[in-house]
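Report on the following structure.
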Amino acid sequence: MAEPERTERRLRPAPLLFEPSEAAADPEHFFDLESIEDPRELLVRATELTLAFRAAQDRAMEFQAVAAAQLADPRRFDRLSPAAIAAQAEWTEDYAHRMIEFGEDLLRGTREA
């Protein structure tokens, strides 16, 4: 059976630019948002950052799930138990089981990534 075609396109969020270390050390500084005076421009940029962070979080979670599935793969001689994966990732064991299953689905290509 062929893999289902992906019909949903990923949003292309605003790029997350790395901040200089001195700016990051300033708790009032956040991606230069504090310097934007026009509220409309501030709303646009803050929304772009919100979408970018959400997309980054979703993508990172998919990579976590794939890694968990690979680490739990019974074909690996050094496989980890769900409890060991949970401890390493600071998850509950139940969540580790769900992430392993999600990762297995992603690896098989049965879920939209």
Step by step, work out the side chain to side chain contact (heavy atoms under 4.5 Å, CB included) result for Val66 and Gln70.
-> CA-CA 6 Å; Val66 166; Gln70 290 172 334; 3.8 Å; yes
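Of the inter-residue distances, the one linking Met99 atom CE with Leu106 atom CG reads 9.0 Å to the nearest 0.5 angstrom. Within the model, atoms CG of Asp32 and CZ of Arg45 stand 9.0 Å from one another, a figure rounded to the nearest 0.5 Å.
Under a 4.0 Å N-O distance rule, the pair Asp58/Arg54 does not qualify as a salt bridge.
With contacts defined as side-chain heavy-atom distances shorter than 4.5 Å, the pair Leu107/Glu104 does not qualify.
Under the rule for a salt bridge (Lys or Arg N to Asp or Glu O under 4.0 Å), Arg40 has no partner lying at least two apart in sequence or in another chain.
Evaluated for a side-chain contact (heavy atoms from CB on, under 4.5 Å) with Glu48, the options Leu51, Thr50, Val44 yield exactly one hit, Val44.
At most 12 non-hydrogen atoms from other residues, nucleotides or ligands lie less than 6.0 angstrom from CD of Gln88.
Between Thr92 and Ala86 the shortest heavy-atom distance is O-CB, 3.6 Å. The shortest non-hydrogen separation linking Leu33 to Leu42 is O-CD1, 3.6 Å. For the residue pair Ile100 and Ala69, the shortest heavy atom distance occurs at O-CB, 3.6 Å.
Among residue pairs with one or both ends in residues 63-101, those qualifying as ring pair (Phe, Tyr, Trp, His ring centres under 6.0 Å) are Trp91-Tyr95; sequence neighbours excluded. Judged as a salt bridge (Lys or Arg N to Asp or Glu O under 4.0 Å), the pairs with a partner in residues 71-87 (not counting sequence neighbours) are, in order, Asp73-Arg75, Arg76-Asp78.
If you chain together hydrophobic residues whose side chains sit under 4.5 Å apart, Leu43 and Phe53 never meet in one group.
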